[in-house]
Peer 1: 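Got a structure for you, questions after.
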Amino acid sequence: MNVKEALNGLKKFEEQSFALGHAMGLLSYDSSTVAPKQSVKALTVTQGELSRMSYELTTAPETAEMIETLHANAKELDFVTARKAEELYRDLDRIRRIPKDLYVEYQKLCVESDAVWHDAKVNNDYPSFKPLLQRIFDMTKQIALCIEPGKDPYDTQLDNFERGLTAATCEKFFDTLKKGIVPLLGKVTSSPEQVREPLLEGVFPVAVQRDFSAYVMNVMGLDPERSVIGETEHPFTTDFSKYDVRITTHYHEDDLLSSMYSVIHEGGHALYELNIGDELTMSCLGGGVSMGIHESQSRFYENIIGRSREFCGLILPWLREHFPDRLSALTQERLYRAVNASAPSLIRTEADELTYCLHIMVRFELERMMFAGNITAEDLPAEWNRLYKEYLGIDVPDDRRGVLQDSHWSFGGIGYFPSYAIGSAYGAQYLDEMNKSFNVADAVSAGNFSLIADWFRERIWKFGRLYDPTELFNRVCGQFRPEVYIKYLENKFNVIYGLTT
Ligand SMILES: [Zn+2]
């Protein structure tokens, strides 16, 4: 095969690969949102067949020849095509090491286990999920060892979500965070400053909350022609291309802020996907580069923007107008303090900025213990509860609010969690850099979100998978410095809680 033939083959491969991914993604989205419960019985078969087709397409001799030809002749290719060849070669090399039957069985296990986890969480029934969870951990580890036999399989997992990340790097990073966060949290929790906001307690009708979601998406600049919102137990974002990105949220009648922050978080993911470069979308370089970079976008919008004083001022008129009986007395300052109330809590997705990374550290430790074989799925609930006591000082009342709360393990997302903490910390450096271009607080006050979007689009979003995540971050912010994040947290919470430094 010559380079010209390989380039034609690449075009066809990208189209077929995109179509299969699109179909599987749509089925998965349908299953999480509107499909009846028993649809999973047929879905497992269909998803199994589609993933078999995807595996066969990726590992077919003509695909391999095409990728190998391009990879060997990378010097002749333009920058984008050379990167495609490099990435496809890496993917091919990894997937070829996994036996086909194992690959397909794993995909089916993930579909089945995700459905069982949903019911187990609703019914607070960990025993029904336990055997599947054990299999997920076992098979994930088995696959990691197929891909990189000489490496710690947990490092292989971390690398799947954030290329280059290792357990040793995570440990060092978490250590820095702990040293900064734990003493600050100690001062915050013993501070007499009252941040509970009684105006935000009570009933907020879901119908009005849905309107609020639409308003928030509009403020953030999400294009309604290319994005849509659905409702699921666990909020998420799924993207098919820059022309179709879907977010979900979960409404609680007695908690206005929960859904609002889910929408802002998922909206941050969506903005990234909606702004991938035109020439990259639907190609093998379309889509965000890694989960660390992805979470750095969502957590930036959720916390650094969404929990800022200026954002509270911006949305206050809407809240007062639509909840006149409840919120007419709410002020910008009261809302700002309420959305930054910090206290150890049970649920990661609803944790405040200060305690959030402690939730991640618990999961990191558990995943490592499971992969090392020090504990089994049988031990997970008790170990979860023990670590919540150790890290956050609280008792976990049931598995629904404990080990069953997150969906990640059910779909094989082992090694994903540290991306949230890394992404959160990246945000503080983005803020410093962004402030060199324009005053971020002023832009948020004025509702000028296009300034923020333009900044991210030109530096991160439009590049898709064109650069490795670390390189991408370094190009924008220089070296990663977790102490910048600690400083950001100290500055913010010292003021809110009236602490002297
Ligand atoms: Zn996220």
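Side-chain atoms are counted along with the backbone in the values below, which use heavy atoms only and exclude waters and symmetry mates. All ligand and atom numbering here is 1-based and tracks the order in the structure.
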Peer 1: Taking 2.8 Å as the cut-off, does His269 contribute an N, O or S atom near the Zn ion (ligand 1), distance below it?
Peer 2: yes
Peer 1: Assess whether a salt bridge exists between Asp175 and Lys179, defined as any Lys/Arg side-chain N lying under 4.0 Å from an Asp/Glu carboxylate O.
Peer 2: yes
Peer 1: Is it the case that the ring center of Phe473 lies less than 6.0 angstrom away from the ring center of Tyr430?
Peer 2: yes
Peer 1: Hey, what's the angle at the Zn ion (ligand 1) spanning OE2 (Glu295) and NE2 (His265), nearest 10 degrees?
Peer 2: 150°
Peer 1: Taking the six-membered ring where the residue is Trp, are the ring centres of Phe161 and Phe417 under 6.0 Å apart?
Peer 2: no
Peer 1: Is it true that Arg459 and Asp454 have a side-chain N and a carboxylate O under 4.0 angstrom from each other?
Peer 2: no
Peer 1: Of all the atoms in Glu266, is at least one N, O or S atom closer to the Zn ion (ligand 1) than 2.8 Å?
Peer 2: no
